> 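Got a structure here, written out as structure tokens. Questions coming.
Just so you know, these numbers come straight off a predicted model, no measurement behind them.
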Amino acid sequence: MLNSSAALFRRISVSWLMAPKFKPRRLPPAADPALPLERSTKLARTMSTHSSIKDAFSTYADYLNALNEKRERVVKASRDVTMNSKKVIFQVHRISKNNREEVLEKAEKDLAAVRDLHIFRLVKELQGTDFWKLRRAYSPGVQEYVEAATFFKFCQTGNLLNLDEINASLLPLSDPSLEPLQINLLDYLLGLADLTGELMRLAIGRISDGEVEFAERICRFVRDIYRELTLVVPLLDDSSDMETKMVTMLQSVVKIENACFSVRVRGSEYIPLLGTGDPSSFLLGVSEVEL
């Protein structure tokens, strides 16, 4: 009887050891009535943040698109200013002692047309905006306009058209209630540097026609401009373009001085014809394109 009981006990123990064991499970926490409200609040806050970022990027995209479109229009207007200002310069180069009044009258009308039509387009595009951001887009046209206006002024009066006078002529184009477009000092000086090249061509042409006194007056004028700019250019913040043009300006001064000197020294012998191949000509070394 005891043996059978012991055997039964052993079987029960072995079966208990071999039975699968169950891991205790933690009961879920009691439902929090504020949890759905917290989740909905976080979701609304996330959606609101995404919406505000999207609206901000949309606003920036619209601003950049409008700025790029404005830049394209400004570049087109600047090209038109450049092209028509060159026409004024070509017109002034036709001047001689026989047709001076006629040429200057036509040039004055053409210059007024450039201002009233093409500069006016620039003013309308840039007025009331931060036009300094678009300076690189319209600077070439403004420089060419400065060159044409100062070239005409010198041939008309023998004086230099200063920056205040140019900006005063642009004021009637602007809306009085908005900030007017004004030509900055750097663009004016860059246009003035280009003016000396045109004066060099004019001086050589006048010498070939026998107007030596006029060429000498041009020589003194260009020399004065170069001397004054050598004092101003080192003080400019962005003078890389101006420094390059100063080298070209010095070359123009030297060419005019050499031409006037040759005429004064050898003028009693002859005045070489324009483009002559005479080895003794003071025009030797000055290319046809430069003339």
> Kindly give the heavy-atom pair with the smallest separation between D209 and K97, and that separation in Å.
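Heavy-atom minimum between the residues: O-NZ, 4.1 Å.
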> Is there a donor-acceptor contact under 3.5 Å linking the side chains of Q143 and K245?
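Judged by distance alone, the side chains do pair up.
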> Under 3.5 Å, is there a donor on one side chain and an acceptor on the other for D62 and T59?
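The answer is no; no qualifying pair exists.
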> Determine whether a donor-acceptor pair (N or O, by modelled atom type, separation under 3.5 Å) exists between the side chain of R100 and the backbone of C155.
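Looks like yes, one N/O pair under 3.5 Å.
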> Please tell me if the side chains of Y145 and I166 come closer than 4.5 Å, counting only heavy atoms from C-beta onward.
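A side-chain contact exists here, since the closest heavy-atom pair is under 4.5 Å.
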> Name all residues meeting the ring-ring contact (aromatic ring centres under 6.0 Å, His included) criterion together with F151; count only those two or more places apart in sequence or in a different chain, and write none if there are none.
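F151 satisfies ring-ring contact (aromatic ring centres under 6.0 Å, His included) with H93 once adjacent residues are dropped.
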> Is a side-chain N or O of N99 found less than 3.5 angstrom from the main chain of R94, in a donor-acceptor match?
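At least one qualifying donor-acceptor pair exists.
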> Report yes if the side chains of Q91 and L111 come closer than 4.5 Å at any heavy-atom pair, otherwise no.
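Contact flag for Q91/L111 side chains = no.
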> Does any pair with a residue in residues 149-166 pass side chain to side chain donor-acceptor pair (under 3.5 Å), and if so which ones, sequence neighbours excluded?
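Non-adjacent pairs meeting side chain to side chain donor-acceptor pair (under 3.5 Å): zero.
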> I'd like to know if V75 and I183 are part of one continuous hydrophobic network [Ile/Leu/Val/Met/Phe/Trp/Tyr, side-chain heavy atoms within less than 4.5 Å].
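Cluster IDs for I183 and V75 differ.
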> Taking only residues two or more places apart in sequence, or in another chain, which ones meet F154 in a ring-ring contact (aromatic ring centres under 6.0 Å, His included)?
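F154 satisfies ring-ring contact (aromatic ring centres under 6.0 Å, His included) with F221 only.
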> Look at the side chain of D110 and the backbone N and O of V88, then say whether any donor-acceptor pair between them is shorter than 3.5 Å.
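Not at all, since once roles are kept as given, no pair shorter than 3.5 Å links the two residues.
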> Do you know which two heavy atoms are closest between S78 and L122, and how far apart they sit?
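So the two residues come closest at N-CD2, 4.2 Å.
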> Show the nearest heavy-atom pair for residues L181 and S174, with the distance to one decimal.
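Between these two residues, the closest heavy atoms are N-OG, 3.8 Å.
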> Could you tell me whether the side chain of L170 reaches within less than 4.5 Å of the side chain of V123, counting heavy atoms only?
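No. Closest side-chain heavy atoms not under 4.5 Å.
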> Show me the donor-acceptor pairs within less than 3.5 Å that the side chains of residues 113-120 make with the rest of the protein, sequence neighbours left out.
from: H118; atom 1: NE2; to: N84; atom 2: ND2; distance (Å): 3.2

> Can you list the steps and then say if D80 with R121 is a salt bridge (charged side-chain N to carboxylate O under 4.0 Å, His left out)?
CA-CA 10 Å; D80 293 339; R121 287 169 53 197; 2.6 Å; yes
> Are any of the side-chain heavy atoms of E72 and K76 separated by less than 4.5 Å?
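SC-SC contact between E72 and K76 ruled out.
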> Taking I95's backbone N and O only, do any of them form a donor-acceptor pair with R206's side chain (distance below 3.5 Å, no angle check)?
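Here the side-chain-to-backbone pair exists.
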> Write down the atom of A215, the atom of I256, and the distance for their closest heavy-atom approach.
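Nearest pair, atom of A215 first, then I256: O-CG2, 4.2 Å.
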> Hey, mind stepping through E144 and K86 against salt bridge (charged side-chain N to carboxylate O under 4.0 Å, His left out) and telling me if it holds?
CA-CA 7 Å; E144 197 70 31; K86 287 183 180 296; 3.5 Å; yes
> Looking at G205, is its backbone amide N or carbonyl O close enough to the side chain of S208 to form a donor-acceptor pair, meaning the two atoms are under 3.5 Å apart?
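Yes, because the side chain of S208 sits within donor-acceptor range (under 3.5 Å) of the backbone of G205.
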> What pairs of residues pass the salt bridge (Lys or Arg N to Asp or Glu O under 4.0 Å) test when at least one of them lies in residues 215-225, not counting sequence neighbours?
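Those involving residues 215-225 are E216-R264, R223-E257, D224-R227.
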> Would you please name every residue forming a salt bridge (charged side-chain N to carboxylate O under 4.0 Å, His left out) with D187, sequence neighbours left out?
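Checked D187 against salt bridge (charged side-chain N to carboxylate O under 4.0 Å, His left out); matches are R135.
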> Is Y226 close to T196 at the side-chain level, that is, under 4.5 Å between some pair of heavy atoms?
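Heavy-atom side-chain distance check fails, nothing below 4.5 Å.
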